[in-house]
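Notes to accompany the following structure.
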Amino acid sequence: MEKKNKMQDQLPVIELKHVDKHYGQLHVLKDINLTVRRGEVVVIIGPSGSGKSTLCRTINRLETIDSGEILITGEPLPKEGKDLARLRARVGMVFQSFNLFAHKTILDNVTLGPTDVLRVPKAKAREEAMQLLKRVGVDSQAAKLPAKLSGGQQQRVAIARSLAMHPEAILFDEPTSALDPEMIGEVLEVMTELAQEGMTMVMVTHEMNFARRVADRVIFMDAGSIIEENSPDEFFDHPATQRAKDFLNSIKDH
Amino acid sequence: MRDARTNIRDALYEEPGPITKRYTAVGTAISLAALAVLAAAVVRQFYINGQLAPRYWTIFFRWTTWRFLGQGLLGTLRAAAMAGVVTFILGFILMTGRICNYRILRLIATAIIDFVRGVPTLLFIYFFFLVLPQLGIRLDAFWKVTLPVGISACGVVAEVLRSGVNAVPIGQKEAAYSLGMRETGIFLKVVFPQAIRYVIPALISELVIVVKDTTFAYVVNFPDLMQNAKVLISNYDAMLSVYLVVAVIYILINFLLNRLSDTIAKQRPRTLAAAELKGPTA
Amino acid sequence: MGVEELLSQFGGKYAQAFRMTWRLTILAFSIALVLGVAVTVLRVSPIKPLRLFGDIYVQIFRNIPGASLLIILVYAFPYLNLVWSYFTCVLIAAGLIPSAFCSEYLMSGINTIPIGQIEAARSIGMTFTQMITKVVIPQALRASVLPLTNLLVSTMLTTAIASQVPLNPQELTGLVAYINTHAVGGVTAFFISAALYCASAVVIGRIGSLIDRKVRIRR
């Protein structure tokens, strides 16, 4: 409770105001309003096709929106060009399919952003990258190409790549969905540590236990709308809507 | 929930913002103007050299012109079809040599494949046209085209077939063994029919190369499209227009063959693209 | 005629022809690379008319027979007051056709890059130019080594169209035709040229797969 009150005082890092998006006839995001404050961990859950991934991807404009407003630390997200790139550099993103640069070594994957986007000197970037790789436990693989690593290792490198940019927040788009079961734990562990260190995080996930443990807030989406928004304990124990109840039952079956 | 864009060509660009949209619009306008100027320059070049004169082009409104070109085209297609058969048979033989259990046969097959892939079609044509007669071997013009063209393409066909055979899952073979079939039977009845299905697109692409190579038929005086074009030219004194029209016909045939290949490849996701194997030969 | 007799009489000509074939090949391949890259830039540009132009260019030159193109350049273009030397005509024809294939290979090289990597590049704040130069081009080039090696070989084979025009000195195919119309060169004359072509192809292929093994990305 104490943490929550403290959070109310924190500045918003990500704000979505009346965001709408269509794919042709399909209304995929309906009047989305969401504020994520510094240090907050927000988990978005919902059935597939509910728009949760799309929502996550709009935050750094990998998906455009039709109307509404997205602010990063109070600054409206630019529509294009260098300004957009600059703002994106401040929001990390971790993908379902890792998306490491296949032609670069693990170390170079992590240093590419700092050296080329932030203009950090090479030696300094390397040093910091090695620290980050150590932190996520793949420093021994630094000289290898991504294809040589397991999925779990690749995803941890992807997290290190995001961290290297010193982001204000990190977006996780189903970070464990493409992983073999035995590798999910190692990635969630790294994410849990990040959350405990106070990183602002927005994540789309199907890992309900993890959500319950780590999230400050759970957002439940269905058919493009935010249906419920609550603390994890409240949401999982006392879902307010029938749709949330149905969803929670459906995943219990598995 | 991803965008429907699967094409990397589009994925390179983001949804454009207002500034990008303006740049793109300006770029489109400028490029349209540039292309118009280019087209105008081409037409002008034709015009000032009198090549737009009706007499060069009205011949294509005559039925007889098309009948004559059609006869040539038929010759081209006949030669291409036979060369295709030749190349398939030779390719099949080389492929079996390439995958057989005898090391010496494998080496010979590999050497032949490398040889025919490394020698230009024209050199084979000259071999059949100039060298064989010296050895007392007299062939019909038809075979002087189809054999060298077929030989020239068979190396690639052998490799394409082999990649198809390799793509057949090992379980298919094991299942056939468990039925008590024997090696040869398994290959001919189980493995090869599946392999062929995988590589049909690549084989059709190879047919494009065969069609192109048959244009050398004029070297041996075989009445193909090119040869008939020459006759037409001397009859009407219309070099440029006839050669251009003939080139367009070749381009269309090959374009359609490539289209067919792509369509089949798209319908059957398991087919193999032999992009690395095929290449241009004149 | 035996090999020795043939070489003593035509050895110098074979050496010249071999050099000519290589000269044509290198020059034509350079043209093909430059045009291929340029056309590929047009084809991936966001400007529709340029894309269409690039696509049509590729369809024309990947489908036109070399003989047809060369004959147009040599015999028909003078009617447009465009008169070039035989050498130039051969070079243009043997450069234009592979340029279309070059573009096709580069396009499929670009296509090997997963879209996710483009998104990853964007999400770490790369500009379009950075993404293209740091992520797209390096990977596309690595994937194109083997196809471009094969393209170099087929460019060499394409230069045989030079035998259709009087070139001085002749290249390897033209020389065989020449020897066989002037003397009884027979099978040997053919095989010397064929061996020189093959040796070149093998060397190119070896170097290509060596480079490919070094730079190919296993996914």
Side-chain angles (χ1 to χ4, degrees), chain B residues 5-9 11-14 16 20 24 27-28 31-32 35 45-46 48-51 114-115 117-123 126-127 130-131 134-135 208 211-216 218-219 226 239-240 243-244 246-247 250-255 258 273 275-282, chain C residues 43-44 46-50 53 59-60 62-69 71-72 75-76 79-82 94 97-98 100-101 105 108 110-111 113 115 118 122 132 136 146-147 150-151 153-154 157-158 160-161 163 172-173 176-177 180-181 184 186-187 189-190 193-194 197-198 200-202:
Chain B
R5 305 178 305 205
T6 44
N7 191 344
I8 188 93
R9 208 180 189 185
L12 291 177
Y13 302 97
E14 306 198 38
T20 316
T24 313
T28 305
S31 63
L32 277 177
L35 291 175
Q45 196 71 17
F46 274 73
I48 58 174
N49 289 293
Q51 288 298 319
D114 283 347
F115 180 76
R117 288 183 67 182
V119 174
T121 312
L122 261 171
L123 196 55
Y126 280 124
F127 181 79
L130 297 173
V131 178
Q134 292 174 18
L135 303 175
V208 171
V211 170
K212 284 175 163 191
D213 282 352
T214 58
T215 47
F216 296 124
Y218 69 83
V219 173
M226 268 312 224
M239 174 92 74
L240 188 68
Y243 272 143
L244 283 182
V246 165
Y250 275 116
I251 291 169
L252 279 180
I253 293 171
N254 292 333
F255 173 76
N258 279 324
E276 288 184 0
L277 289 172
K278 64 183 180 198
T281 34
Chain C
R43 293 174 78 196
V44 299
I47 294 165
K48 288 265 162 60
L50 294 183
F53 177 79
Q59 288 309 331
I60 289 176
R62 74 176 270 193
N63 289 322
I64 194 169
S68 173
L69 180 56
I71 285 170
I72 288 174
Y75 299 110
Y79 287 92
L80 293 175
N81 205 15
L82 299 169
I97 291 172
F101 286 87
Y105 297 150
S108 56
I110 294 172
N111 265 316
I113 302 165
I115 290 171
I118 309 283
R122 268 178 207 149
I132 292 288
V136 176
L146 220 45
N150 289 335
L151 187 68
V153 173
S154 47
L157 301 186
T158 306
I161 54 172
S163 61
L172 287 172
T173 300
V176 172
N180 276 294
T181 43
V184 189
V187 184
F190 164 80
S193 272
Y197 274 117
C198 269
S200 309
V202 167

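All values reported here derive from a predicted model rather than from experimental measurement. Chain letters run A, B, ... following the sequence lines, proteins first, then strands; residues in each count from 1.
Looking at every heavy atom in both residues, B:Leu130 comes nearest to C:Ala177 through CD1-CA, 3.6 Å. Taking all atoms of both residues into account, the shortest heavy-atom contact from C:Ser193 to B:Leu123 is CB-CD2, 3.9 Å. Looking at every heavy atom in both residues, B:Gln51 comes nearest to C:Leu80 through CG-CD2, 3.8 Å. Looking at every heavy atom in both residues, C:Pro46 comes nearest to B:Thr24 through O-CG2, 3.8 Å. The shortest heavy-atom contact between B:Thr215 and C:Ala67 is OG1-CB, 3.7 Å. Contact detail for B:Ala11 and C:Ile118: the closest heavy-atom pair is O-CG2, 3.6 Å.
If you measure heavy-atom distances from B:Val211 to chain C, you find no contacts under 4.5 Å at all. At a 4.5 Å heavy-atom cutoff, the contact between B:Leu135 and chain C is made by side-chain atoms alone. Looking at B:Leu35, only its side chain comes within 4.5 Å of chain C, counting heavy atoms on both sides. Interface residue C:Val136: only side-chain heavy atoms are found under 4.5 Å from chain B. For a residue to count as touching a neighbouring chain, one of its non-hydrogen atoms must lie under 4.5 Å from one of that chain's; by this rule B:Phe115 touches chain C with backbone and side chain alike.
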* Would you sort out whether B:Tyr126 and C:Asn180 count as a side-chain contact (heavy atoms from CB on, under 4.5 Å), showing the intermediate values? => CA-CA 9 Å; B:Tyr126 280 124; C:Asn180 276 294; over 6 Å; no

* C:Tyr75 and B:Leu240: side-chain contact (heavy atoms from CB on, under 4.5 Å), yes or no, with the steps? -> CA-CA 8 Å; C:Tyr75 299 110; B:Leu240 188 68; over 6 Å; no

* Asked: Between C:Asn81 and B:Gln45, is a side-chain hydrogen bond (donor to acceptor under 3.5 Å, both in side chains) present by the stated rule, with each step listed?
  -> CA-CA 8 Å; C:Asn81 205 15; B:Gln45 196 71 17; over 6 Å; no

* After noting the C-alpha distance and the side-chain angles of C:Val44 and B:Leu12, does the key distance pass the side-chain contact (heavy atoms from CB on, under 4.5 Å) rule? -> CA-CA 8 Å; C:Val44 299; B:Leu12 291 177; 4.1 Å; yes

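The OH atom of B:Tyr250 lies 13.0 Å from the CG atom of C:Leu69; values are rounded to the nearest 0.5 Å. Rounding to the nearest 0.5 Å gives a distance of 3.5 Å between CE of B:Met226 and CD1 of C:Ile71. Within the model, atoms CD1 of C:Ile64 and CD1 of B:Ile251 stand 4.0 Å from one another, a figure rounded to the nearest 0.5 Å. Here the CG-CZ distance, from C:Asn63 to B:Phe255, works out to 7.5 Å after rounding to the nearest 0.5 Å. Considering CZ of B:Arg9 and CZ of C:Arg43, their distance stands at 6.0 Å, rounded to 0.5 Å. Here B:Asn49 contributes atom CG and C:Leu82 contributes atom CG; the two are 7.5 Å apart, rounded to the nearest 0.5 Å.
Ranked by non-hydrogen atom pairs under 4.5 Å with chain B, the options C:Ala94, C:Ala201, C:Ser200, C:Ala194 are led by C:Ala194. Between chain B and the residues C:Val176, C:Ile60, C:Ile47, the most heavy-atom pairs under 4.5 angstrom are made by C:Ile47.
Partners of B:Tyr218 by side-chain hydrogen bond (donor to acceptor under 3.5 Å, both in side chains), not counting sequence neighbours, listed by chain and number: C:Gln164.
In this structure, the side chains of C:Cys198 and B:Val119 come closer than 4.5 Å at one or more pairs of heavy atoms. Put simply, the side chain of B:Tyr243 does not reach to within 4.5 Å of the side chain of C:Ser68, judged on heavy atoms. Between B:Val208 and C:Arg62, the closest side-chain pair of non-hydrogen atoms is not below 4.5 Å.
Using cut-offs of 30° and 60° for the angle between ring planes, the B:Phe127 and C:Phe190 rings count as tilted.
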